[in-house]
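Working notes, beginning with the structure itself.
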Amino acid sequence: MILALDQGTSSTKALLVDADGAVRGTAARPLSQSHPGPGRVEQDPEELWASVAGAAADLLAAHPGADIAGVALSTQRESVLAWEAATGEPLSPLLSWQDRRGAAHCAQLAAGDEARKITARTGLPVDPMFSATKAAALLDELDPGRRACRSGRIRVGTVDAWLLRRVTGRDVTELGNASRTQLLDLGTGTYSPYLLDLFGVPRAALPEPTASTGPFGSADGLPGVRAGTPLAAVLADSHAALFAHSAGRTGVVKATYGSGSSVMALAPDAAEGLPAGLARTVAWQLPGERPALALEANIAASGTAVRWAAQLLGTDERTLAALAEGAGDSAAVLVPAFEGLGAPYWDRQAVAVLTGFTQAAPRAGLARAAIESVAFQIAETVALFDRALGPAPALHADGGASANTTLMQLQADLCARPVRVGAHPESSALGAAHLAGLNLGLWTAKELRLRADEATAATTVNPRRDAGWRRERLTHWRDAVRRSRLART
Ligand SMILES: Nc1ncnc2c1ncn2[C@@H]1O[C@H](COP(=O)(O)OP(=O)(O)OP(=O)(O)O)[C@@H](O)[C@H]1O
Ligand SMILES: [Mg+2]
């Protein structure tokens, strides 16, 4: 079996996947976040590690006979921390991908001619979500002269790199994760000296980028795993979900409904330039192959908006989902721009707004508006993919909020195409397991393609509404987005 771990923003999930690709067991450990100031979102590296080790231990304890052939890892992206090279002890909190402390730095870069050059090299818009400005902020505090970095005493890395350090003892990072730092040159697959200099991050502080199948070494640091068990695959979470849906084939557009959302499709041809509103990323690198490129739209708050509304109503997501299911189309609109807006607007000054409320049924109205906010945001970015790649026949869905049937129906209605919901919402862990099994020879690429077809055909949600309804609802949403952007912080 493969032990697959998915380290996400709100929890760490663990899956046990057998040699036929079936999920034989699951475990999860929650993970907290802190908000120490405006625009600041942090997590505790030790709590994060404990959630990974704990989820793995829980799962292995529940399946004492499990023979683990390899470990697979998928991780939240862009979040960044520093640790001591000699000991692996954290020197900072984890600055979350949601953290906006790099906003002023980004604005300064955007005011000059740098933004265009940065995007041309990295495929990414200049935005505080990506690691670079956060890494710079961390180092300004820890090592203002960068001497400790240059002498190799400090490491700065993303969650994959931090976990790899704990699990394998090596300072390496997976290429897809590295491509989200805004320090990697997509053309060369290596850190760009221009960007390292621009952001003030010395090369010596960064872990070495490595293909998605490593070699990473063995997972000896993971409690309960036999010594010598290989760490067989590492993927960024959104990329891992795309791998689960597509088994590496082009033509699949998927949306991951986690704390944030990522809509993504493989798009190997980078010659045409970057389509408006989208970013380009390394999806993964398979053994002996060039890095596979993908187009992506990032939405900063999706499941987060649902959780926020549930908290406001003093309830949980499940009850909120039931409230929303009973309500009709909402007159109220929630634009959950808690940390500004991502794709297609990339406007970090936009603020969260709640518009159009009436006195009737406020609880159901808010619940419905929260669910609708997720579907609206995804629908707008799927339209960008239609323009860039031609309309995809279906949208593949995964992640925690994909279990919400009201949301999936709304999504099909707003995107005017079937939504295919995976058999397992944990597609990130599953995709990492699929790649690990391929690497270990448990299955072939052909078998994996059949498996992906079966898994993603689990539930198909067909659209029920017409074009007039869609136009009207999207106009309603865009009107609220306009207010959110006018209100600016
Ligand atoms: N029934 C539901 N309806 C809508 N949203 C839900 C439901 N259940 C959970 N969620 C939301 O899904 C999110 C958790 O999903 P998931 O576990 O996939 O996220 P994550 O992996 O922690 O985050 P990320 O992948 O963005 O790092 C939470 O924000 C939660 O509010
Ligand atoms: Mg996730």
Side-chain angles (χ1 to χ4, degrees), residues 4-15 26-33 41 43 47-48 51-52 55 73-79 94 96-99 129 158-160 163 177 180 235-244 254-264 296-313 315-325 327 334 336 338-339 342 366-375 377-378 397-411 421-422 424-432:
L5 299 162
D6 171 37
Q7 201 308 295
T9 310
S10 60
S11 67
T12 297
K13 298 110 189 164
L15 293 190
T26 65
R29 287 273 183 112
L31 185 63
S32 68
Q33 271 190 340
V41 187
Q43 296 192 295
E47 186 195 346
L48 188 146
S51 78
V52 171
L73 179 65
S74 85
T75 54
Q76 58 167 304
R77 309 174 297 166
E78 297 120 12
S79 310
L94 179 75
S96 168
W97 55 274
Q98 297 163 322
D99 187 288
M129 182 173 83
T158 43
V159 170
D160 62 308
L163 291 175
N177 276 286
R180 306 296 293 179
L235 289 167
D237 55 5
S238 174
H239 312 204
L242 181 63
F243 194 76
K254 71 87 200 176
T256 297
Y257 297 78
S259 306
S261 275
S262 152
V263 183
M264 201 177 209
E296 179 176 20
N298 290 99
I299 292 158
S302 57
T304 300
V306 178
R307 179 159 295 172
W308 177 85
Q311 277 172 357
L312 203 62
L313 296 177
T315 184
D316 58 14
E317 288 95 327
R318 201 175 290 250
T319 312
L320 179 131
L323 266 171
E325 192 185 357
L334 169 64
F338 304 122
E339 312 295 345
L366 178 59
R368 184 77 186 189
I371 301 293
E372 288 183 354
S373 77
V374 180
Q377 293 189 92
I378 301 269
D398 67 86
S402 72
N404 184 317
T405 50
T406 309
L407 174 59
M408 293 298 104
Q409 183 62 56
L410 262 169
Q411 200 67 77
V421 189
H424 215 284
E426 305 310 343
S427 294
S428 295
L430 206 55

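Atoms within a ligand are numbered from 1 in the order they appear, just like the ligands themselves.
Inclusion of S259 in the set of residues having an N or O under 3.5 Å from an N or O of ligand 1 is warranted. Ligand 1 has a nitrogen or oxygen under 3.5 angstrom from a nitrogen or oxygen of G400. By the 3.5 Å distance cut-off applied to N or O atoms, N404 is counted among the residues near ligand 1. In terms of N/O distances under 3.5 Å, ligand 1 is not approached by G399. Between T9 and ligand 1, a contact under 3.5 Å exists for at least one N or O pair.
No donor-acceptor pair closer than 3.5 Å links the side chain of K254 to the backbone N or O of F243. Formation of a donor-acceptor pair under 3.5 Å by the R368 side chain with backbone atoms of A327 is found in this model. In this structure, Q377 contributes its side chain and A301 its backbone to a donor-acceptor pair below 3.5 Å. Between the side chain of S79 and the backbone N or O of W97 there is at least one donor-acceptor pair closer than 3.5 Å. In terms of modelled atom types and a separation under 3.5 Å, the side chain of E426 and the main chain of G399 share no donor-acceptor contact.
When each of L242, L430, T256, V421 is tested with D398 by the rule side-chain contact (heavy atoms from CB on, under 4.5 Å), just one qualifies, namely T256. Of the residues L163, L5, T12, D237, the one that meets the side-chain contact (heavy atoms from CB on, under 4.5 Å) test with T75 is L163.
Counting the atoms of ligand 1 from 1 in the order shown, those under 4.0 Å from a heavy atom of G8 are 21 (O), 22 (O), 27 (O). Within ligand 1, counting atoms from 1 as listed, the ones closer than 4.0 Å to a heavy atom of T304 are 29 (O). Short contacts between ligand 1 and S11, defined as distances under 4.0 Å to a heavy atom of the residue, involve ligand atoms 22 (O). In summary, the atoms of ligand 1 found under 4.0 Å from a heavy atom of A401, numbered by their order in the structure, are 4 (C), 5 (N), 6 (C), 12 (O).
For atom 25 (O) of ligand 1, the nearest protein heavy atom (residue, atom name, distance) is D237 OD2, 3.6 Å. At the shortest separation from atom 7 (C) of ligand 1 among protein heavy atoms lies E317 CB, 3.7 Å. R307 NH2, 3.7 Å is the protein heavy atom nearest to atom 28 (C) of ligand 1.
Between the CG atom in L94 and the CG atom in D99 there is a gap of 9.5 Å [rounded to 0.5 Å].
Using a 4.5 Å cut-off on side-chain heavy atoms (C-beta onward), L31 and T9 make no contact.
Nearest-heavy-atom check against atom 14 (C) of ligand 1 across S10, G303, S262, S302 picks out S10. For the residues K13, R77, E426, the heavy atom positioned nearest atom 21 (O) of ligand 1 is part of K13.
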